[in-house]
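Following this message is one structure expressed as structure tokens.
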Amino acid sequence: MVPVVMPTYARIDVIFERGEGSYLWDTEGRRYLDFTSGIAVNALGHAHPYLVQKLTEQAHRLWHTSNLFRVAGQESLARRLTALTFADTVFFTNSGVEAWECAVKTVRKYHHETGNPQRTRFIVAGGAFHGRTTTAIAAAKSEKMVKGFGPLLDAFDQVAFNNLNELRAAITPETGAIMVEPILGEGGIIPADLDYLRALRRTADEFGLLLVFDEIQTGVGRTGRLFAHEWADVAPDVMCIAKGIGGGFPMGACLATEKAAVGMTAGTHGSTFGGNPLAMAVGNAVLDVVTAPGFLERVEETGSLLRTRLEALVERHPTVLETARGRGLMLGLRCVVPNADLVTRLRLNGLLVVGAADNAIRILPPLIVGETEIDEAVAILDRTCRELASQNGTAA
Ligand SMILES: *Cc1c(COP(=O)(O)O)cnc(C)c1O
């Protein structure tokens, strides 16, 4: 009989009951150090008192009114997001992929409005992940995601990530935009070279294309800057965010310049739940904390500390780990052993991390993580690598 929860995930047999800061407790009372942060979602950890306060205050006042009316929280959050970024205007969604869909529609409409209706195609990166709608899987093209779901939208041309020549060669008169993640997340924590990001901006301008950054995983402080593209000092025309901005409440946003959003007028797009008062209360609260003086500097410092410790682990355990990579608190380890073995053993030893493509594991602590927790995580990683190394040694 089919499970009552549609079995589209190979779920781990653990149920969590409670979380606090960087820790989770399961129903058996076991404690885990959570370096998944719900896949870069719980940016401020679990049960952050300020987020709890802001959400419950809003819950007592008003939950939902629909987008037939103005929503005060949308206006304040949009004002703040546009003041903090390249963007002039924001559309709020419930999830990452919806933010990305809004980016796709914004690009198409832009070219339609500006006399280039043939520019309907997108250049995307190999290894990219943009979500699970039929359009988003058409972009990612991975066999696992697309098999059996066709026919898919034929609008995405994939090129090797970080390869400018290949990207330029793929541009045709039908190309409308370049869409990339500044650091491939699901793809295995592979950062774009900063020069590559700058070259994408120049290339987009040269060919009259829009540049879209998918910052759904990299955004909202994860890399030690509010948005990862700031490291390269370039701005996109459109950006999708989600995950961290809700701190665990489902929400996302598509940010665009006035120019890029020229066609997104009344009636062109919508969402029943998008930008609802509960989500906006939490989004504003997350932004309060992440933009407080010193917060991002601390993420950068903590990230460098963890990065240095991970590099030391790679040196110490060459039969288990191959490389440490990433930026800020979006870090990854490419493994020599199967990444799933490492993920499982780490969990048994009390540390939660996320697998990714390219045989990598993702290390995504909450942005509020402290040095004690980093010490604890590194000790668990060290012990687990020793276990795996000795196991491999015995097998050989
Ligand atoms: C998670 C993610 C998405 C999809 O977000 P959902 O909320 O699952 O729809 C899209 N792009 C990137 C880069 C992501 O990490």
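This is a predicted model, so every value here is computed, not measured. Counting starts at 1 for both ligands and their atoms, in listed order.
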If we only count N/O pairs under 3.5 Å, is Gln217 in contact with ligand 1?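 Right, the criterion is met.
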Considering heavy atoms of the protein only, find what lies nearest to atom 2 (C) of ligand 1 and give residue, atom and distance to 0.1 Å.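 Of every protein heavy atom, Lys243 NZ, 2.5 Å lies nearest to atom 2 (C) of ligand 1.
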If we only count N/O pairs under 3.5 Å, is Glu98 in contact with ligand 1?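 There is no such contact.
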Quick one: which ligand 1 atoms are inside 4.0 Å of a heavy atom on Val97?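 This gives 4 (C), 5 (O), 6 (P), 9 (O) as the contact atoms.
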Part of Ile216 within contact of ligand 1 (heavy atoms, under 4.0 Å):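 Contact part for Ile216 vs ligand 1: side chain (C-beta onward).
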Under a 4.5 Å cut-off applied to non-hydrogen side-chain atoms, are Phe156 and Lys141 in contact?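 Touching, per the 4.5 Å side-chain cut-off.
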Phe86/Phe227 under ring-ring contact (aromatic ring centres under 6.0 Å, His included): CA gap, chis, key distance, verdict: CA-CA 11 Å; Phe86 68 93; Phe227 296 104; 8.2 Å; no
Does atom 8 (O) of ligand 1 have any protein heavy atom closer than 4.0 Å?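 So far as the 4.0 Å threshold goes, atom 8 (O) of ligand 1 is out of reach of every protein heavy atom.
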Applying a 4.0 Å heavy-atom criterion (strictly less than), which segment of His130 is in contact with ligand 1: side chain, backbone, both, or neither?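 Within the 4.0 Å criterion, His130 contacts ligand 1 through backbone atoms alone.
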Rounded to the nearest 0.5 Å, how far does SG of Cys254 lie from CD1 of Ile216?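 SG of Cys254 is found 9.5 Å from CD1 of Ile216.
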Is the closest heavy-atom distance from Trp100 to ligand 1 below 4.0 Å?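 Contact check Trp100 vs ligand 1: negative.
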Salt-bridge present (Glu215, Arg222; N to O < 4.0 Å):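 Judged by the 4.0 Å cut-off on N to carboxylate O distance, Glu215 and Arg222 do not form a salt bridge.
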Which heavy atom of the protein is the closest neighbour of atom 11 (N) of ligand 1, given with residue, atom name and distance?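 Of every protein heavy atom, Asp214 OD2, 2.7 Å lies nearest to atom 11 (N) of ligand 1.
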Determine, for Arg201 against Asp233, whether the closest basic-nitrogen to carboxylate-oxygen distance falls under 4.0 angstrom.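 Here Arg201 does not pair with Asp233 in a salt bridge, since their nearest N and O are not under 4.0 Å apart.
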Do Leu184 and Phe161 have side-chain heavy atoms sitting under 4.5 Å apart?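 With C-beta onward as the side chain, the pair touches.
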Proximal atoms of ligand 1 relative to Glu181 (non-hydrogen, under 4.0 Å):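 Counting atoms of ligand 1 from 1, those under 4.0 Å from Glu181 are 13 (C).
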Taking NZ, NE, NH1 and NH2 as the nitrogens, is one of them in Lys105 or Glu101 under 4.0 Å from a carboxylate oxygen of the other?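 Judged by the 4.0 Å cut-off on N to carboxylate O distance, Lys105 and Glu101 do not form a salt bridge.
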Please identify which of these residues, Thr175, Asp157, Thr172, meets the side chain to side chain donor-acceptor pair (under 3.5 Å) condition with Arg121.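 The residue from Thr175, Asp157, Thr172 that satisfies side chain to side chain donor-acceptor pair (under 3.5 Å) with Arg121 turns out to be Asp157.
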N or O contact, Gly131 vs ligand 1, cut-off under 3.5 Å: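 For ligand 1, there is no N or O atom that lies under 3.5 Å from one belonging to Gly131.
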Distance from atom 5 (O) of ligand 1 to nearest protein heavy atom, with residue and atom: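 It is Gly96 CA, 3.3 Å.
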Under 3.5 Å, N or O to N or O, is Ala242 touching ligand 1 that way?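 No; every N/O pair is 3.5 Å or more apart.
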How are the rings of Phe91 and His269 set relative to one another: parallel (under 30°), tilted (30 to 60°) or perpendicular (over 60°)?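 Correct class here is tilted.
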